J.: 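Structure in C-alpha cells, see below.
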Amino acid sequence: MGWRGILGFDYGIVQAPLGPDISGPELVAAVANAGAIGLLRAPDWECPDYLRELIRKTRSLTDKPFGVGLILSFPHEENLKAILDDKVGLLQVYWGEFPKERVDEAHRAGVKVLHQVGSVEHAKKAVDAGVDGIIVQGYEAGGHVIGQDGLIALLPRVVDLVGDRDIVVIAAGSIVNGRGYAAALALGAHGVCLGTRFLATEESYAHPIYKRNLVELDKTAYTDIFGRARWPGAPQRVLRTSFFNEYGCLSDHDNEINYPVIGHSTINGMEKEIRRFAGTVPNATTTGDIESMAMYAGEGVCLIKEILPADQVVKNLVEEVKQVIQQRFH
C-alpha cells in the first residue's frame, strides 16, 4: 500500500481537482502518465457537453485512467451523468452529501468514488455510503477548507473509523514532499492528495504570476473574504499576498458584489468578469489586476521552491518517501 499504489494505480498519490479549471487535461494526463491519480475539476455550473470534451481531450493525452472532481454544493446532476456515462476511473465528491444510492449508481457505471471530508462525522457518512476511498482534509489545506481539525489529529481517527473495511484513506493538507507523504503513511493513510504542489507545476493552468507567488511567498491565511456571494459559508486558505496583507478584512455583511471588476477570464469556455474579493483564482487566460485576486495555497507552500513538470513531482514523491521509510523506519 501507500507509495506502491491504491485503487489500481501505480502510486498512492492523488492530484487534487484544482478549481475552477486549473487542473485541466494537460496536468491530469501528465499525472496519470506518471502512474498517479489525476483529477479534472468539473465546472461549477451544468455544462455536460463541455465536461465531456474535457474528458475526451484528457483521454487523447493518456491511455491511463483518471478522475473528475465534483463540488456538490453547485448544480451538478447533468455533469454527474456525463461523468458516469463516460466511465472515468474515479469520481471525487466534496462539500455535500453523496448517499449510498448515488455511490451505488456510480459503481454500476464502473466508477469508483472518493469522498473528501473534514470531520469524523462526515467520514462516517462516507463509510456508510460505501465509498471506495475517503480523502481526509486537514485545516492546513489550501483552497476551500471544510473542517476545523488539523490533519495529524483527524487522520488517525478516520483510519480507526474505517478499520478493516475495503476503503482507502487518503491524507490531504500541506503535503508537498516525501517527508509529508511518509508522515501520512505513519498515521495510517494509504495515500496522499496534493493540491498546492501540483498547482506549482508546468502543466497547471494557473496564471504565471500565481505560480511565481507560490514559489516566492511562504505564508498563508485562513479566511472567508473571497467569493462570499458565489459560495457562502465556504472559508478558504490563501497566500498572504501584498493585497491580502493590506485588504484582508471585510465586514461580515460585505461581499464581492459591492466591489469593482478588476479583471476578465475565460473559465471552462465561458467569459467571466472577476470582481475584487471574488473567489476566482487567475488562470492562464486571466487579464487585469492579477495580484489582487484570490490565490489559494496550503501551509506547505513554504516548502515549494520551484515550478516542476508534474511527472517530476510524482517521481520525487516516490523516491523521497522510499528514502524516508528506509532511513527512518528500518
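Please read these numbers as outputs of a predicted model, since none were measured by experiment.
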J.: Do Y222 and Y139 have side chains that get closer than 4.5 Å, going by heavy atoms?
T.: yes

J.: Tell me, with the steps shown, if V169 and L161 meet side-chain contact (heavy atoms from CB on, under 4.5 Å).
T.: CA-CA 10 Å; V169 179; L161 171 72; over 6 Å; no

J.: Considering non-hydrogen atoms only, spot the tightest contact between A294 and A278 and give its length.
T.: CB-O, 3.8 Å

J.: Show the nearest heavy-atom pair for residues V162 and R165, with the distance to one decimal.
T.: O-NH1, 3.0 Å

J.: Identify the two heavy atoms, one from L239 and one from F244, that lie closest to each other, and give their separation to 0.1 Å.
T.: O-CB, 4.0 Å

J.: Cluster question for you: counting only ILVMFWY and a side-chain heavy-atom cut-off of under 4.5 Å, with indirect links fine, are I274 and I209 together?
T.: yes

J.: Determine, step by step, whether D85 and R52 satisfy the salt bridge (charged side-chain N to carboxylate O under 4.0 Å, His left out) criterion, reporting the C-alpha distance in whole Å, the side-chain angles of both residues, the deciding distance to 0.1 Å, and the verdict.
T.: CA-CA 9 Å; D85 287 349; R52 287 189 182 96; 3.8 Å; yes

J.: Side chains of T223 and Q236: closer than 4.5 Å at any heavy-atom pair?
T.: yes

J.: Any non-hydrogen side-chain atom of L250 less than 4.5 Å from a side-chain atom of Y259?
T.: yes

J.: Using a strict 4.0 Å threshold on nitrogen-to-oxygen distance, state whether D160 and R157 make a salt bridge.
T.: no

J.: Under 4.0 Å between a side-chain nitrogen and a carboxylate oxygen: does that hold for D44 and R230?
T.: yes

J.: Output yes when R240 and E246 qualify as a salt bridge under the 4.0 Å nitrogen-oxygen rule, no when they do not.
T.: no

J.: Please check: side-chain N/O of T285 versus main-chain N/O of T266, any donor-acceptor pairing under 3.5 Å?
T.: yes

J.: Quick one: does any side-chain atom of T201 pair with a main-chain N or O of A310 as donor and acceptor, under 3.5 Å?
T.: no

J.: Do Q15 side-chain atoms and L39 backbone N/O form a donor-acceptor pair below 3.5 Å?
T.: yes

J.: Does any part of the side chain of F198, heavy atoms only, come nearer than 4.5 Å to the side chain of V314, both counted from C-beta?
T.: yes

J.: Any chance the rings of H144 and Y296 have centres within less than 6.0 Å?
T.: yes

J.: Is R179 atom CZ crowded by more than 12 heavy atoms from other residues, nucleotides or ligands, each under 6.0 Å away?
T.: no

J.: Is the closest basic N to carboxylate O distance between R56 and E53 below 4.0 Å?
T.: yes

J.: Y94, L84: one ILVMFWY side-chain cluster at the under-4.5 Å cut-off?
T.: no

J.: Does the gap between the ring centers of W95 and F74 come in under 6.0 Å?
T.: no

J.: Just by distance, with hydrogens left out, do T220 and R237 show a side-chain donor and acceptor under 3.5 Å apart?
T.: yes

J.: Within a strict 4.5 Å, meaning less than it, do heavy atoms of the N316 and L308 side chains meet?
T.: yes

J.: Might you point out which heavy atoms bring P282 and M295 nearest each other, and give the distance in Å?
T.: CG-CE, 4.3 Å

J.: Do I290 and Y210 make a side-chain contact, defined as non-hydrogen atoms from C-beta onward lying under 4.5 Å apart?
T.: no

J.: For the pair V113 and L90, evaluate side-chain contact (heavy atoms from CB on, under 4.5 Å) and give the outcome as yes or no after the intermediate values.
T.: CA-CA 6 Å; V113 179; L90 294 166; over 6 Å; no

J.: In the structure I gave you, are the side-chain heavy atoms of Q116 and Q92 within less than 4.5 Å of one another anywhere?
T.: yes

J.: Within this structure, what is the CD1-CD1 distance for the pair I6 and I37, rounded to the nearest 0.5 Å?
T.: 4.0 Å

J.: Give the intermediate values and the outcome of side-chain contact (heavy atoms from CB on, under 4.5 Å) for residues V117 and I134.
T.: CA-CA 7 Å; V117 304; I134 297 174; 3.7 Å; yes

J.: Has N245 got more than 12 heavy atoms of other residues, nucleotides or ligands less than 6.0 Å from its CG?
T.: yes

J.: Take T286 and N283 through the test side-chain hydrogen bond (donor to acceptor under 3.5 Å, both in side chains) and record every step on the way to the result.
T.: CA-CA 5 Å; T286 307; N283 69 18; 3.1 Å; yes

J.: Between R102 and L80, does a side-chain contact (heavy atoms from CB on, under 4.5 Å) hold up when you go through it step by step?
T.: CA-CA 10 Å; R102 304 315 300 264; L80 175 59; 3.1 Å; yes

J.: Could you tell me whether a side-chain N or O of E46 sits under 3.5 Å from a main-chain N or O of N79, the two making a donor and an acceptor?
T.: yes

J.: More than 12 heavy atoms of other residues, nucleotides or ligands under 6.0 Å from NZ of K219: yes or no?
T.: no

J.: Give a yes or no on whether a salt bridge exists between D104 and R108, defined as a side-chain N under 4.0 angstrom from a carboxylate O.
T.: no

J.: Begin with the C-alpha distance, continue with both residues' side-chain angles, and end with the deciding distance and a verdict on salt bridge (charged side-chain N to carboxylate O under 4.0 Å, His left out) for K315 and E320.
T.: CA-CA 8 Å; K315 288 172 188 170; E320 288 169 9; over 6 Å; no

J.: Show the nearest heavy-atom pair for residues K112 and D132, with the distance to one decimal.
T.: CA-OD2, 3.2 Å

J.: Taking the six-membered ring of F243, is the NZ or CZ of R276 close enough (under 6.0 Å from the centre) and on axis enough (within 45°)?
T.: no

J.: Check for a donor-acceptor pair, side chain of E140 on one end and backbone N or O of L151 on the other, with a separation under 3.5 Å.
T.: yes

J.: E97 pairs by side-chain hydrogen bond (donor to acceptor under 3.5 Å, both in side chains) with which of H122, H115, K125?
T.: K125

J.: Just by distance, do the side chain of S204 and the backbone of A200 share a donor-acceptor pair under 3.5 Å?
T.: no

J.: Does T196 use its side chain to pair, donor to acceptor, with the backbone of G298 at less than 3.5 Å?
T.: yes

J.: Are side-chain heavy atoms of P208 and K211 found at a separation under 4.5 Å?
T.: no

